[in-house]
Structures are given as C-alpha cells and as structure tokens.
Amino acid sequence: MRWSQYFIPTLREDPADAEVVSHKLLLRAGLIRQLGAGIYSYMPMAQRIALKITQILREEMNRIGGQEFYLPALHPAEVWKESGRWDAIGAEMFRLKDRKDADMCLGMTHEEIFTTIARNELRSYKQLPQVWYQIQVKFRDEARPKSGLMRLRTFVMKDAYTFDVDNAGLDKSFADQREAYKRIFSRCGIEYSIVEASSGSMGGSESNEFVAKTDAGEDLIASCANCGYAANLEKATSRLAPVKDLVGPEAPEEFPTPGVRTIDDLANFPGGALAKNQIKTLVYVYGDHASGASSAKWALLLLRGDHQVHDIKLADTLGASFIRAAQPNEIIDLLGASAGSLGGVGAKQKIAQLRNGDEVRVIADFALKGRRDMTTGANKDDHHLRGVDIERDIQIDQWADLRSVNSGEACPRCETGMLDVYKAMEIGHIFKLGTKYSESMGATVLTEQGKPVPIVMGSYGIGVERIITAAIEQNHDADGIIWPKTIAPFDVVVTVTNMKDEKLRETGEKLYKDLMRAGLDALLDDRDERAGVKFKDADLIGIPYRVTIGKKVSDGLVELFDRRAKSSNDVKLADVVSQAQKLALAGL
RNA sequence: CGGGGCGUAGCACAGCCUGGUAGUGCGCUCGGUUUGGGACCGAGAGGUCGGAGGUUCGAAUCCUCUCGCCCCGACCA
C-alpha cells in the first residue's frame with residue numbers, strides 16, 4: 001500500500017476518552033473509531049490485523065479437524081427458550097421483536113444454534129466426533145462497556161463446538177482444543193496462562209480460561225511460580241496455616257460488647273478475640289433472574305473473621321444466577337439483630353421463629369472446619385458469644401469454599417510454593433459442556449448398541465478484539481505499538497525521507513515493488529512529509545521493520561530499522577529485500 | 001443499577017461562577033522558506049456551544065427536562 005492513498009488517521013494527542021494504553025494506541029494509530037459505548041468501527045489497517053488473526057484461527061482449527069460454518073447472528077427466541085437460557089440470561093441479551101411481534105434476539109454465543117443443527121442431522125455415533133466452528137459477530141448488552149476493545153457490546157468471536165458420543169470423546173476433543181489454543185496464542189505473540197475458572201451460566205463440568213497478564217485486565221489470577229498452579233480468583237484455593245484452638249468451655253458463653261460492630265472492633269475489645277478466632281456471619285439473598293424477587297431465598301454464610309467472601313464462589317455454591325448482600329432492615333427482620341452482632345449459633349431456630357417458617361441455608365467456609373473456642377455475634381445487639389465450637393454449636397447445612405485467596409498464601413498444590421495474585425484479561429475460554437444443551441434440546445445419537453444417548457458437547461471461544469487488545473497491552477513502548485510480526489498489518493514500511501528528491505523517491509518505489517514481489521506486505525510512505533513525521537507515525541502504528549531511504553542511497557546504502565529493538569543497521573540496497581524477508585518471516 | 005465527571009471547530013481544551021462580538025494549540029487549505037525524529041513565516045476555511053423547553057431586551061453562560069460518552073462500583077456466556 002501507498003501511505004499517501006491509504007487511510008491511516010493517526011492522532012498526535014491522546015483522545016480524552018481513552019484510559020488504558022491499548023485504547024489510546026488503537027485510536028492514535030488510526031485503527032478504530034467509536035460509534036457508541038462498546039461499539040467501534042475498524043479502519044482498514046485494523047481489518048488487516050483482524051484478517052491475520054482469523055487466518056491463524058482458521059489454520060489451527062482446521063488442523064484439529066475443525067469445519068468452518070457461518071451461522072446467523074439473529075435468532076428466534078424459541079431455541080433459547082428450549083435450552084432455558086432465554087429466561088436464565090438477564091439484561092445482557094439484546095432482545096427484539098420482529099414485525100409479527102415474535103421474540104427474537106441477537107446471538108451472544110451459538111450453543112443453541114449449533115445444537116439445533118446437531119439434533120436435526122446427527123443420528124449415529126459413526127458421525128462423531130464433529131468439530132464445528134465459525135468466526136462471527138456476537139452481541140452482548142454489557143452493563144458497562146469499557147477500555148476500548150476490551151469489553152464490547154458487539155465483537156468478533158471464533159467459537160467452536162465439539163460433539164462426542166461419550167465423556168472420553170469429550171476429553172479428547174477438549175484436549176485438542178486446548179493444544180490448538182496454545183498454538184494460537186503463541187503464534188499471535190501473546191504471553192498467556194491457562195487457569196481454572198468458574199463455568200458460570202455456561203454450565204458444564206470443567207473449564208479452562210486463557211488469560212493474558214496485563215494491568216488493564218479485569219480478572220484476578222492466583223498463580224504459583226513453583227508448580228505452575230494457576231486459577232482465577234473465582235476458583236482459586238490456598239493452603240492456610242493450621243490454627244491451634246484451646247478446648248474452650250462446654251457451651252458458648254454470652255458476654256456484653258457495647259458498641260462493637262465490626263471484626264476490628266471485636267479484635268480490639270477487651271475480652272474480644274483476634275480476627276482469625278472470630279466467625280464472620282453474613283446474610284445473602286439469592287435466586288435467579290427469571291423468577292425475580294419472589295423466589296429469593298436466604299443464605300447465612302460463616303467465614304473466618306479475617307477472610308473475604310468471593311461472590312462468584314458463592315453464586316456457584318448456591319447454584320444461583322443472582323445474589324446480593326441482605327439490606328440492614330432485612331437482617332434485623334430475619335435475625336432480630338443488626339449486621340454487627342450476627343452469629344450462627346441458634347440462627348436457624350431464631351429465623352424459623354421470627355419469620356414463621358422461612359428457611360435459611362447455612363453455609364460455612366472450609367477454613368472453619370474443626371475450629372473451636374471461636375467468638376461470634378449472639379444475634380442480640382451489643383452481645384457476642386465466646387467459646388463457640390463450630391461443629392458442636394452451629395447447625396451447618398453445607399461446607400464450601402467461599403473465601404478469596406490472597407497474595408502470599410501457600411499454594412494448594414505443592415509443598416513450598418506461594419501464591420501471587422495478578423491482573424489479567426480473559427482472551428479465551430474452553431468449556432466441557434457435557435449434555436446440558438443436548439438434553440434440554442433433544443440432541444441424541446444411537447450408540448453402537450443402538451441405544452439413544454445425548455451428545456456430549458464442548459464449547460470453545462476466542463475473542464478476536466481481545467487478542468488485538470492483549471497484543472497491544474503486552475507489546476508497546478512510549479512511541480507506540482510494537483506488533484508481533486505474525487499479526488502486524490504490514491511486515492515492513494519503506495520510508496522515503498524526502499519525496500522531492502527524485503533519486504530517493506525512485507529508490508523507494510523500486511524497493512517497495514521488490515518487497516511486494518518477494519511476498520512481503522509492504523507499506524510505502526510516499527507522503528510529502530518531513531522525515532520526522534514519518535518516523536513518528538511509523539513507530540506509532542508499530543510496523544516491525546522500517547527501511548529508511550535517505551542520503552546514503554548515493555553510497556548504495558539504506559537503513560533497516562527494527563521497531564522492537566529500536567536499532568538500525570546500514571544495509572546494501574541490493575541485500576535489503578532478502579534481509580527483510582528473512583527477518584519478517586523468522587517467526588516471533 | 002448506585003456514585004463521580006464530561007458534552008464548545010476534525011482532535012485536545014479555555015470561556016460558564018459574575019448573561020452582552022465564540023477563543024487558543026494541534027490538524028486542514030493556499031503561498032513562500034525548509035527537509036533524518038511530530039519545521040518556520042504569512043494568508044485563510046471551519047462551530048445551530050449534545051437536544052428540547054423555560055427565565056431574560058439578550059443565554060455557550062441561569063433554571064427544568066432529556067440524550068450521549070468516560071471513570072469507579074455492582075454485573076459479566
């Protein structure tokens with residue numbers, strides 16, 4: 001391409017609306033323009049990048065036997081009602097009506113549509129496994145779109161679905177996808193980790209999240225440098241130092257604690273207890289989106305005083321799509337005491353009495369297992385109980401992992417490792433769905449024994465814009481983007497320092513053509529601009545190599561500049577094509 | 001959805017408090033000088049001040065409503 005004709009609307013200044021680095025650079029490099037919140041137009045150079053990425057996606061999907069489809073983005077509500085997600089998913093789905101007043105929606109993912117094809121067409125185990133994928137636009141009415149292309153309302157996703165006759169087949173398909181994903185992200189030049197994650201409302205038994213470490217990310221990852229354990233905080237566990245409790249009294253003892261409202265208050269109160277010897281009692285309301293408040297139920301959570309509840313762990317434990325902390329007045333109605341004085345001892349009875357049969361689920365965090373001589377609220381303002389033996393004195397319905405882990409805690413997998421918690425962004429997610437969709441939608445095949453069984457499914461997604469964002473977050477400097485070679489919009493830019501100099505111009509034109517002939521994507525900066533402007537722009541848009549055509553041409557020399565290393569070498573004009581070719585195709 | 005901020009030229013912003021000719025820098029156009037890290041001089045073009053209503057002789061400025069965008073939180077297949 002000739003820069004003078006090509007549309008690259010670069011900006012000198014940072015746009016006011018951009019906060020994170022990738023967003024600023026995407027705008028400044030002339031790659032994107034905003035149309036609305038979470039809605040962006042991709043300029044020609046961004047489209048070139050997206051095409052390079054989708055080419056890698058296709059190659060790696062095809063390599064594991066994937067077959068590319070193209071499914072509709074506009075869906076009738078029926079299929080979503082069949083799977084149950086029309087009701088399970090809340091405001092995040094774009095919904096609309098057609099002219100006949102029928103419910104429709106814009107696809108946020110395509111399990112239902114692929115399952116529809118599978119159930120109509122797949123009859124026999126002999127047809128399995130199938131690996132189906134597409135590269136398609138998705139729509140999600142995000143509550144808060146943000147950070148440029150990080151969280152969008154319309155975006156491009158490579159989504160794949162596998163169909164197997166049994167779990168062993170799914171394990172193989174899942175492993176294939178996992179390996180393909182590793183190759184994809186490596187080839188895109190992204191530093192990533194594979195972490196355990198919650199499956200959320202996708203359902204299914206197991207999921208791996210691919211994340212790219214960046215401070216702009218929205219996820220927190222706990223990882224162990226020693227053994228490689230890594231998990232999203234919504235799933236991560238850690239090993240805690242054991243606490244030795246005294247035997248304590250025969251029964252809990254109530255004592256007055258005037259003015260004590262918080263864990264800290266009680267820790268500092270004479271005759272109180274250290275935070276780790278307290279039981280924190282929280283009241284939550286849970287249910288699901290569809291049935292709304294009418295179906296809301298109560299949960300009483302018990303955690304160690306110095307621990308924090310993790311909302312996604314809690315939602316997963318409750319099997320609820322909606323949870324919230326109870327309001328202060330709700331707590332008083334429920335337990336007859338305010339938030340600072342709650343406790344699990346006798347709570348079930350008290351609730352049954354005060355609320356006339358309302359049930360409450362009492363869930364205790366694993367970290368409390370076996371603890372004795374603890375201190376907690378007495379469900380009476382300004383009073384606490386000491387000497388509580390949690391298993392003896394509290395009626396617990398369920399033990400669960402509810403707490404957030406912290407940096408510095410011991411790794412749950414190995415003896416010596418320590419967890420580090422860092423920020424990352426999700427770039428891909430693979431799920432073992434099992435039979436959730438095939439059962440609800442009736443997709444079965446006959447086994448070798450002639451018995452109908454639901455197809456065992458997996459689903460696997462990669463966000464194209466997330467790859468672009470992660471690549472920039474991880475590859476930039478003060479001057480601009482440094483594209484990984486494999487996804488760079490151009491391999492090399494030929495910068496003619498002075499277009500009015502006939503000799504330089506002709507040299508640049510010829511070199512440009514030679515580079516193209518050699519199979520490289522070349523960009524010729526033939527603009528009538530000063531050299532400084534061209535250098536700044538070239539750095540900003542991040543082309544991996546730049547050939548500068550300057551005065552040294554009279555000695556038969558040009559400069560070959562490496563954007564990442566920021567170093568340049570004089571190269572004989574006759575050699576520059578082969579050298580550029582070697583560098584550009586040398587992988588990352 | 002809760003909290004905060006912002007809508008004035010293509011971009012970044014000032015002007016608003018205290019109502020009276022709409023401004024600055026960058027970019028853009030033309031002419032000239034310059035030409036290896038975002039040149040300089042001169043001359044220009046470009047804005048219904050997000051929208052609607054109100055107050056006033058007069059509104060970018062004051063009041064009401066509304067739309068949009070950004071940030072924090074909640075939420076997030």
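So you know, we letter chains A, B, ... as the sequences are listed, proteins then strands, and number each from 1.
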Asker: Counting only Watson-Crick or G-U wobble pairs whose two distances fall under 3.5 Å, which nucleotide matches B:rC6?
Answerer: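 The answer is B:rG68, by the H-bond criterion.
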
Asker: Grab the CG-C1' distance between A:L27 and B:rG10 for me, whole Å please.
Answerer: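 The answer, rounded to whole Å, is 14 Å.
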
Asker: Could you tell me the separation between the CZ atom of A:R153 and the C1' atom of B:rC69, rounded to a whole number of Å?
Answerer: 11 Å

Asker: Can you tell me which residue among A:R85, A:K436, A:R119 is in a salt bridge (Lys or Arg N to Asp or Glu O under 4.0 Å) with A:E112?
Answerer: A:R85

Asker: Check the pair A:Y70, A:I135 against side chain to side chain contact (heavy atoms under 4.5 Å, CB included), reporting the backbone distance first and the verdict last.
Answerer: CA-CA 7 Å; A:Y70 188 78; A:I135 295 169; over 6 Å; no

Asker: Describe the nucleic acid contact of A:G36 in one word from base, sugar-phosphate, nothing, applying a heavy-atom distance below 4.0 Å.
Answerer: sugar-phosphate

Asker: CD of A:Q34 versus P of B:rC69: gap in Å, rounded?
Answerer: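 Checked: the CD to P distance equals 7 Å.
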
Asker: Rounding to the closest angstrom, what is the interatomic distance between B:rC62 and B:rC16 at atom C1'?
Answerer: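 Each nucleotide's C1' atom is 10 Å from the other's.
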
Asker: Please work out if A:D537 contacts a base, only the sugar-phosphate, or nothing of the nucleic acid, heavy-atom cut-off 4.0 Å.
Answerer: base

Asker: Heavy atoms under 4.0 Å, any strand shown: does A:R33 hit a base, just sugar-phosphate, or nothing?
Answerer: nothing

Asker: Taking atom types as they are modelled, would you say the side chain of A:E13 forms a donor-acceptor pair with the base of B:rG25 within the 3.5 Å cutoff?
Answerer: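 Indeed, a donor on one side and an acceptor on the other fall under 3.5 Å apart.
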
Asker: With hydrogens left out and only the distance checked, is there a donor-acceptor pair under 3.5 Å joining A:E529's side chain and the base of B:rG38?
Answerer: no

Asker: Under 4.0 Å between any heavy atoms, over every strand shown, what does A:R144 touch: base, sugar-phosphate, or nothing? Just pick one.
Answerer: base

Asker: Return the nearest nucleotide to the side chain of A:E142; candidates are B:rC76, B:rC11, B:rC69.
Answerer: B:rC76

Asker: Rounded to whole angstroms, how far apart are NE2 on A:H23 and P on B:rC70?
Answerer: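 So the NE2-P distance, A:H23 to B:rC70, works out to 8 Å.
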
Asker: Kindly state whether the ring of A:Y161 and the ring of A:W132 have centres lying under 6.0 angstrom apart.
Answerer: no

Asker: Any carboxylate oxygen within less than 4.0 angstrom of a Lys/Arg side-chain nitrogen, looking at A:K551 and A:D501?
Answerer: no

Asker: Salt bridge check, A:K81 against A:E78: does any charged N sit closer than 4.0 Å to a carboxylate O?
Answerer: no

Asker: What is the pairing partner of B:rG73, taking Watson-Crick or G-U wobble pairs with both distances under 3.5 Å in any strand?
Answerer: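 B:rC1 is the nucleotide pairing with B:rG73.
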
Asker: Work out how far the P atom of B:rA52 is from that of B:rU8, and round it to whole angstrom.
Answerer: 15 Å

Asker: Who is the Watson-Crick or G-U wobble partner of B:rU18, with both distances under 3.5 Å?
Answerer: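 Result: none.
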
Asker: Report which part of the nucleic acid A:P9 touches: base, sugar-phosphate, or nothing (heavy-atom distance under 4.0 Å, all strands).
Answerer: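 Nothing, no heavy atom under 4.0 Å.
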
Asker: In whole angstrom, give the distance that lies between atom NZ of A:K24 and atom P of B:rC71.
Answerer: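 Roughly 11 Å, once rounded to whole Å.
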
Asker: Taking the same atom, P, in B:rC75 and in B:rU56, what whole-Å distance lies between them?
Answerer: 49 Å

Asker: Going by an N to O cut-off under 4.0 Å, is there a salt bridge joining A:E559 and A:R546?
Answerer: no

Asker: Please state whether the phosphate of B:rC26, meaning OP1 or OP2, lies under 4.0 angstrom from any side-chain nitrogen or oxygen of A:R12.
Answerer: no

Asker: How is A:E218 classified with respect to the nucleic acid when contacts are heavy atoms under 4.0 Å: base, sugar-phosphate, or nothing?
Answerer: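 Answer is nothing: A:E218 stays at 4.0 Å or more from every strand.
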
Asker: My understanding is that a pair needs two contacts under 3.5 Å, Watson-Crick or G-U wobble. By that rule, which nucleotide pairs with B:rG58?
Answerer: none

Asker: Quick one: does A:I221's side chain get under 4.5 Å of A:N232's, heavy atoms only?
Answerer: yes

Asker: For B:rC17 and B:rA39, measure between their P atoms and round to the nearest Å.
Answerer: 39 Å

Asker: Taking B:rG51 as the reference, what is the distance to B:rG68 when you measure between their C1' atoms (whole Å, please)?
Answerer: 10 Å

Asker: With sugar-phosphate meaning primed atoms plus P, OP1 and OP2, does A:S147 contact a base, only sugar-phosphate, or nothing at under 4.0 Å between heavy atoms?
Answerer: sugar-phosphate

Asker: Here's a test of your reading of the structure: between A:K146 and A:M157, which maps to the more 5' nucleotide of RNA chain B?
Answerer: A:K146

Asker: Starting from P on B:rA39, measure out to CZ on A:R527 and report it in whole angstrom.
Answerer: 12 Å

Asker: Who is the Watson-Crick or G-U wobble partner of B:rG42, with both distances under 3.5 Å?
Answerer: B:rC30

Asker: What's A:T495 touching, base or sugar-phosphate or nothing? Going by heavy atoms closer than 4.0 Å.
Answerer: nothing

Asker: Identify whether any heavy atom of A:K534 sits under 4.0 Å from a base atom; if not, whether one sits that close to sugar-phosphate; answer base, sugar-phosphate or nothing.
Answerer: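 Since no nucleic acid heavy atom lies under 4.0 Å of A:K534, the category is nothing.
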
Asker: Nearest-Å distance, NZ (A:K536) to C1' (B:rG27)?
Answerer: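 After rounding, the gap between these two atoms is 17 Å.
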
Asker: Between A:F561 and A:R530, who's closer to the 5' end of RNA chain B by nearest nucleotide?
Answerer: A:R530

Asker: Identify the nucleotide, in any strand shown, that forms a Watson-Crick or G-U wobble pair with B:rU24, with both distances under 3.5 Å; if there is none, say none.
Answerer: B:rA12

Asker: Whole-Å distance between B:rC75 P and A:D316 CG?
Answerer: 13 Å

